[in-house]
Peer 1: 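Structure in structure tokens, see below.
Basis for what follows: all heavy atoms, side chains included, without hydrogens, waters or symmetry-related copies. Chain identifiers are assigned alphabetically (A, B, ...) following the order of the sequence lines, protein sequences preceding nucleic acid strands; residue numbering begins at 1 within each chain.
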Amino acid sequence: MSALPPQYNPKDVEEARYAWWESQGFFRADPDPKRKPYTIVIPPPNVTGILHMGHALNNTIQDILIRFARMQGFNALWVPGTDHAGIATQNVVEKALAKEGKRRQDLGREAFLKRVWEWKEQYGNTILYQLKRLGASCDWRRTRFTMDEGLSEAVLEVFVRLYEKGLIYRGNYIINWCPRCQTALADEEAPRTETQGKLYHIKYPILRQGTGDRGQGKTTPVSRPMSPVSAFIEVATTRPETMLGDTAVAVHPKDKRYKTLIGKHAILPLVNRKLVIIADEAVDREFGTGAVKVTPAHDPVDFQLGKKHKLEFINVMTDDAKMTNVPKPYEGLDRLDCRSKLIVDLEQQGFLGRIDEHVHNVGHCYRCHTAVEPRLSPQWFVKMKPLAEPAIKAVKQGTIKFVPARWTKVYLNWMENIQDWCISRQIWWGHRLPVYYCESCRRRQETGDRRQAKAQRVSRPMSHVSEPGVIVSKTRPERCPTCGGTELAQDEDVLDTWFSSWLWPFSTLGWPKKTKDLAYFYPTDTLVTAQEIIFFWVARMVMAGYFCMKRPPFTTVSIHGTVRDITGKKMSKSLGNIIDPLEMIGRYGTDALRYTLVTATAIGQDIFLSEERFAAGRNFANKLWNATRFVLAQDGIEKYRVLPKAGKVPGTFSVADRWILSRLQQTTARVTKSLEASLFNDAASALYGFLWHDFCDWYVEIAKHVPAEQQPATRAILRHVLEQALRLLHPVMPFVTEELWQHLRQGTTKPPVSRLMSHVPISIMKAEWPKVEKRLIDREAERLFERLQAVITAIRTTRSELNVPVESRPPVHLASPQAEVRMFFEIHRPLLQQLAALGDISVEAKRQAVRHAAAMVVDGVEVLMPLEGLIDPAKERARLQQRLDDLTRQRAQAEARLKDRQFTTKAPAEVVEQTKTRRAELQDTAKKVSEHLAVLQGM
RNA sequence: GGGCGGUUAGCUCAGCCGGUUAGAGCGCAUGCCUCACAUGCAUGAGGUCACAGGUUCGAGUCCUGUACCGCCCACCA
């Protein structure tokens, strides 16, 4: 291996390193009864997706966990893959088709699907390549796709099982309908956004008492024009066009204004339909006029009202949101055009009241952002309550834990109020429902039910009934089990994409087959995800896990924050505030990106990012690079493969040696603990501080000046500490650590000459995770070294403040009454000279009286720096006086605290002791400083 | 309407089980091209820990309330 280039260039190492790891099979994991598994399932990114910062954070965290586990000796498996993202993918392909001037209907289902598959083959792996650039150490052999044969099999299996248990049913429900995508959307797929709209007040004439029958909810059109009108009831709506489907008006039962009207009828303007006025607590008296029009087929609340009060359900919109089943002038109009026309017509005929500006929450399709229409339509549902039970129990009992724990409540709250899940989608790309309809059964039903001729117009909500002629089967049935007919048609709909993703933790391991993988790797360990997806995916995976496997899919759910820009906005394309992770990788390197993401926040907190932060990561990588260059440049470094015991090498371990080794142990403990607790930022910054400040700023500087007889020990330690710290850093910054580690290893290990060497790992990612060596923890060395640091820093500070040029190497007098302290400084005299740029150093028991000297008192040690001609005595006096004032103030504080603590029994003795020591130190220091001041004043 | 999070240096954020003198990075100022690194070294300035109460010998940390910012959930038509 060639020497390290002087400049660190991430591009030179990253791709090659990744390819090498992969070719060596380091990412692979297979069942091995001798080792403990550690498994992560990747949240399958959407196949149309590209890597955004949220993915980058998510996958960095997962990669840290998996690399950490791998180095700890676990058989670590990370299964990658993508989901087929039904609507999104279909959209992409449809867009491409549109450029050719075609619609999917022009191709037909089969040809269209072929196009989608082609697209998937060509572009579907983009995000996986991007994950590789991020360094993700997935077992790529196992890459899965939710439309794979195996995973599709799992989907059908679950559908059939659920159906057979009565947990899947078909029904007419109000669903969110995207008129553009022409499909049903789950509530989670139609997030509400605040929308500026208008609140239209419309006057519905009230039918005079005594006319019309009082039959509940029967709405026969009023044949006569509205002559018997006595007054109006005014309602408010944001979607006037839905009035055409109104079948009632509702008021609050206790609302005095309308009390007398309850049970009477109103007339729907323009349509002349008779509407019953009902009373229901769901109505908000405060809102609008306190009276609400009821459109059971086009509003979720009204739907509930409709069921409760047995109203008619009139569907007035087609799949593409054109009006239907409405009076002539409106028939076929687009919903919005109809709205405008209605307003004009209402106005002309005097039915229109006020129009207010109104901000309301409207659901928008999460794919195309079209406003969704609540709409009655036949869909397939999963009954969720029974599935939720074990999923609730698991979390309550702690079988599954959330990190941070506060998400537990969010999860439970949702689970306990869970709604049935609409799983059918009216698109082509996806798993087609394994449902078949017998044509002859259907025909028989229709003829036997002629009265339902109006059914086209009026549909009633269905509840779960197993319908004759409906066959649910994994494979296409030969004949209808009811009538034996062979004319069978498969349901046109496909399943919600999440219906395949919720099976991911076990379907990727081979379920429903009983595979070795499944037995060994399931349940998985950690699920890392963003909070947005708790309901979408996490909750459902838990349910699926219990339903299919009778066991949880994972044991820990680690929720990380959302990545936001510097102003707190969510990063999104439409806001144009995207920081592209790949661009950052290109500019600063993958390690820098990962480091920055990980240090940016404590887990669970949102992350605010700005580009400057990535430079810090790059600088850190560069620092490591250069530190390693320094270490490698030491003569004879190749001899030090292992850390010798003190005394086994020429020279003994100095205080600095003991200090850095001790600090390494502390760091190892801290990093290990932090990673185990998902405190990634803590682990990363502990390593940053140790490597940069302890190792580079101090130990490396010291290493440059150790006497010859101690050099072997120092070199061994330089190499050891760096090598160990690189291991600790590897999960966070895999590339640069591997590169440097290889050079260190190459520089320090003879090539394997026998099989005895075969245990030596050839990659840092397979190296053992450092253990804390208790024997190397050395509090005394830490204390001593800290004193040395304090003295050096004090001297530097003074020089800097007094503008003493570096090239003048002033002498220094040290004084301490303690013999061991004097001894310590005698030994470290050369070091002190180097690091503080000093001339002669004298060490004495008693302070000398030196005129024209800068004086410092550090940790009980007096430091005098004679600076004849270099300092202004007045300036120095002022400096000392300032110092003395500070000390006096601090002492007063300590005194007050001590009083508090001493005269109570509750303050622990230890704390009182600490305060006493502190006070004594301050007193001693103040005394010495004032003596120096006195000397100066004598001048 | 419910629930949750945040408020600490100019900026972005750490701060564990309450305990010495509240930290980091960036930015800023000053001095340094010191033979690993100017993507660097040294030094410094900068904080009433949002506000008000409370618990405690002791509160950035625990409790209550207030204000502001943000997020999630919910059927304001």
Side-chain angles (χ1 to χ4, degrees), chain A residues 4 6-8 174 192 199 235-239 242 250 282-284 286-289 291-295 299-305 358 360-361 374 404 406-407 409-410 413-414 417 531-532 534-535 561-562 564 566 568-570 588 592 596 599-602 604-610 612-613 615-616 618-633 673 677 679 681-682 685 688-689 696-697 700-701 704 793 796-801 803 805-806 834 837 886 890 893-894 897 899-908 910-912 914-915 917-919 921-922:
Chain A
L4 272 180
Q7 271 292 319
Y8 166 53
I174 285 278
R192 286 163 181 276
L199 188 63
V235 297
T237 180
T238 52
R239 294 183 299 148
T242 61
V283 178
D284 180 355
E286 309 297 317
F287 189 88
T289 59
V292 55
K293 61 193 254 332
V294 182
T295 323
D299 184 278
V301 188
D302 296 3
F303 175 73
Q304 296 300 335
L305 286 175
H358 182 63
H360 58 141
N361 287 322
R406 69 183 132 91
W407 294 106
K409 227 171 125 182
V410 178
N413 188 44
W414 188 77
N417 298 298
Q531 61 215 48
E532 296 94 10
I534 293 178
F535 309 134
T562 307
R564 297 171 190 286
I566 208 81
K569 299 240 166 49
K570 218 186 238 188
Y588 302 102
T596 300
T599 39
T601 185
Q605 289 298 338
D606 286 355
I607 297 178
F608 295 79
L609 275 181
S610 64
E612 300 92 77
R613 299 197 60 151
R618 176 204 50 188
N619 294 356
F620 184 35
N622 184 60
K623 187 75 178 172
L624 296 173
W625 188 270
N626 283 297
T628 307
R629 285 210 309 143
F630 172 83
V631 171
L632 286 172
K673 214 176 121 195
L679 302 171
N681 62 326
D682 194 62
S685 41
Y688 181 94
C696 291
D697 289 351
V700 166
E701 288 310 312
K704 291 175 182 172
T793 304
R796 285 171 176 168
T797 305
T798 307
R799 292 180 60 137
S800 177
E801 278 176 9
N803 284 323
V806 203
Q834 288 297 337
D886 288 351
Q890 283 172 23
Q893 281 169 7
R897 258 198 306 275
K899 239 178 214 163
D900 276 353
R901 286 170 190 178
Q902 241 175 347
F903 298 115
T904 61
T905 44
K906 283 183 189 171
E910 193 184 307
V911 174
V912 173
Q914 264 174 14
T915 319
T917 313
R918 169 82 182 140
R919 183 187 60 166
E921 276 170 18
L922 286 167

Peer 1: Rounded to the nearest angstrom, tell me the gap between atom CH2 in Trp407(A) and atom C1' in C72(B).
Peer 2: 7 Å
Peer 1: More 5' along RNA chain B: Asn626(A) or Ala616(A), using each one's nearest nucleotide?
Peer 2: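 In this pair, the answer is Ala616(A).
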Peer 1: Whole Å only: how far is the CG atom of Asn681(A) from the P atom of A24(B)?
Peer 2: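 Going from Asn681(A) (CG) to A24(B) (P), I get 16 Å.
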Peer 1: Once you apply the 3.5 Å cut-off to both distances, tell me the Watson-Crick or G-U wobble partner of A38(B), or none.
Peer 2: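 Pairing partner: none.
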Peer 1: Ignoring backbone atoms, test whether Thr599(A) places a side-chain nitrogen or oxygen under 4.0 Å from the OP1 or OP2 oxygen of A24(B).
Peer 2: no
Peer 1: For C4(B), which nucleotide in any strand shown is its Watson-Crick or wobble partner with both distances under 3.5 Å?
Peer 2: G70(B)
Peer 1: Within the 4.0 Å heavy-atom criterion, would you say Ser685(A) contacts the bases, only the backbone, or no part of the nucleic acid?
Peer 2: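 Here Ser685(A) touches no strand at all.
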Peer 1: Check every strand shown and say whether Val700(A) touches a base, only sugar-phosphate, or nothing at a heavy-atom separation below 4.0 Å.
Peer 2: base
Peer 1: Could you let me know what U43(B) is paired to, Watson-Crick or G-U wobble, both distances under 3.5 Å, or none if it's on its own?
Peer 2: A29(B)
Peer 1: Starting from P on C75(B), measure out to CD1 on Ile174(A) and report it in whole angstrom.
Peer 2: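 Atom CD1 in Ile174(A) sits about 13 Å away from atom P in C75(B).
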Peer 1: Reckon Lys409(A) has a side-chain N or O less than 4.0 Å from the OP1 or OP2 of C4(B)?
Peer 2: yes
Peer 1: Applying a 4.0 Å non-hydrogen cut-off, can you work out what Asp682(A) is touching in the nucleic acid: base, sugar-phosphate, or nothing?
Peer 2: nothing
Peer 1: Per the atom types in the model, does the base of A42(B) pair as donor or acceptor with the side chain of Glu701(A) at under 3.5 Å?
Peer 2: no
Peer 1: Please report the interatomic distance CD(Gln834(A)) to CD(Glu701(A)), rounded to the nearest 0.5 Å.
Peer 2: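 It comes to 10.0 Å.
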Peer 1: Expressed as a whole number of angstroms, how long is the span from Arg613(A):CZ to G27(B):P?
Peer 2: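 Whole-Å distance recorded here is 12 Å.
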Peer 1: Are Asp682(A) and Lys673(A) ion-paired here, with the side-chain N under 4.0 Å from a carboxylate O?
Peer 2: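 The answer is no: the pair does not qualify as a salt bridge.
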Peer 1: Write down the distance separating the P atoms in G3(B) and A74(B), rounded off to the nearest Å.
Peer 2: 15 Å
Peer 1: Tell me which nucleotide among A36(B), U39(B), A77(B) gets nearest to the side chain of Asn622(A).
Peer 2: U39(B)
Peer 1: Round to the nearest Å and state the distance from Gln7(A) atom CD to A38(B) atom P.
Peer 2: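 The answer, rounded to whole Å, is 7 Å.
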Peer 1: Please round to the nearest 0.5 Å and tell me the distance separating atom CG of Leu624(A) and atom SG of Cys696(A).
Peer 2: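 Going from the CG atom of Leu624(A) to the SG atom of Cys696(A) covers 7.0 Å.
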Peer 1: With respect to the side chain of Asp299(A), which nucleotide from G44(B), U39(B), A77(B) is positioned closest?
Peer 2: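 The closest nucleotide is A77(B).
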Peer 1: Work out how far the C1' atom of U61(B) is from that of A45(B), and round it to whole angstrom.
Peer 2: 28 Å
Peer 1: A77(B) and C4(B): how far apart are their C1' atoms, nearest whole angstrom?
Peer 2: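 Per the computed distance, 28 Å lies between those C1' atoms.
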Peer 1: Can you tell me how far P of C13(B) sits from CG of Leu679(A), to the nearest Å?
Peer 2: 18 Å
Peer 1: Testing the basics here: between Lys293(A) and Arg239(A), what is the closest heavy-atom pair and its distance to 0.1 Å?
Peer 2: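 That closest heavy-atom pairing would be NZ-O, 4.3 Å.
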Peer 1: Quote, to the nearest angstrom, the C1' distance that separates U20(B) from U64(B).
Peer 2: 30 Å
Peer 1: Syn or anti for C37(B), with syn set at within 90° of 0?
Peer 2: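 C37(B): anti.
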Peer 1: Check every atom of A77(B), G40(B), C41(B) against the side chain of Asn619(A) and return the nucleotide holding the closest atom.
Peer 2: G40(B)
Peer 1: Using the ring of Phe630(A) (Phe, Tyr or Trp, six-membered ring only), decide whether Lys704(A) places NZ or CZ under 6.0 Å from its centre and within 45 degrees of its axis.
Peer 2: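 Positive - Lys704(A) is close enough to the ring of Phe630(A) and near enough to its axis.
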Peer 1: If you measure from OG1 on Thr599(A) to OH on Tyr688(A), what distance do you get to the nearest 0.5 Å?
Peer 2: 9.0 Å
Peer 1: The side chain of Lys623(A) lies closest to which of these nucleotides: G40(B), U20(B), U39(B)?
Peer 2: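 Closest nucleotide among those given: G40(B).
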Peer 1: Contact class for Ala633(A) (heavy atom, under 4.0 Å): base, sugar-phosphate, or nothing?
Peer 2: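 Result for Ala633(A) = nothing.
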Peer 1: Does any nucleotide pair with A24(B) by Watson-Crick or G-U wobble geometry, both distances under 3.5 Å, and what is it?
Peer 2: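 U12(B) - that is the nucleotide pairing with A24(B), both distances being under 3.5 Å.
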Peer 1: Does the side-chain contact (heavy atoms from CB on, under 4.5 Å) test come out yes or no for Asp299(A) and Ile174(A), once each step is laid out?
Peer 2: CA-CA 7 Å; Asp299(A) 184 278; Ile174(A) 285 278; 5.7 Å; no
Peer 1: Which residue lies toward the 5' end of RNA chain B, Val301(A) or Pro6(A), if each is placed at its nearest nucleotide?
Peer 2: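 By nearest-heavy-atom nucleotide position, the 5'-most residue is Pro6(A).
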Peer 1: Tell me the interatomic distance from Leu624(A), atom CG, to U39(B), atom P, rounded to whole angstroms.
Peer 2: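 In whole Å, U39(B) P lies 16 Å from Leu624(A) CG.
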Peer 1: Does the side-chain contact (heavy atoms from CB on, under 4.5 Å) test come out yes or no for Val294(A) and Leu305(A), once each step is laid out?
Peer 2: CA-CA 8 Å; Val294(A) 182; Leu305(A) 286 175; 4.0 Å; yes
Peer 1: Please measure how far the P atom in C57(B) lies from the corresponding atom in C16(B), and state the result in whole Å.
Peer 2: 23 Å
Peer 1: To the nearest Å, give me how far apart NZ (Lys673(A)) and P (G15(B)) are.
Peer 2: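 Between P of G15(B) and NZ of Lys673(A): 13 Å.
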Peer 1: Applying the Watson-Crick and G-U wobble criteria at under 3.5 Å, what pairs with G60(B)? Answer none if nothing qualifies.
Peer 2: none
Peer 1: Which value, in whole Å, describes the distance between the P atoms of nucleotides G15(B) and G23(B)?
Peer 2: 15 Å
Peer 1: Could you tell me how far C51(B) sits from G19(B) if I compare only their C1' atoms? Round to whole Å.
Peer 2: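 Taking atom C1' in both G19(B) and C51(B), they lie 25 Å apart.
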Peer 1: At under 4.0 Å between heavy atoms, what does Thr793(A) touch on the DNA or RNA strands: base, sugar-phosphate, or nothing?
Peer 2: sugar-phosphate
Peer 1: Could you identify the nucleotide paired to U48(B), looking across every strand shown and requiring Watson-Crick or G-U wobble geometry with both distances under 3.5 Å?
Peer 2: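 Here U48(B) is not engaged in any pair, so there is no nucleotide opposite it.
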Peer 1: Using a 4.0 Å heavy-atom cut-off across all strands, classify Arg796(A) as base, sugar-phosphate, or nothing.
Peer 2: sugar-phosphate
Peer 1: Which whole number of Å gives the distance between the C1' atom of C17(B) and that of G53(B)?
Peer 2: 25 Å
Peer 1: Under a 3.5 Å cut-off for both contacts, is U55(B) paired Watson-Crick or G-U wobble with anything, and if yes, with which nucleotide?
Peer 2: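 No nucleotide pairs with U55(B).
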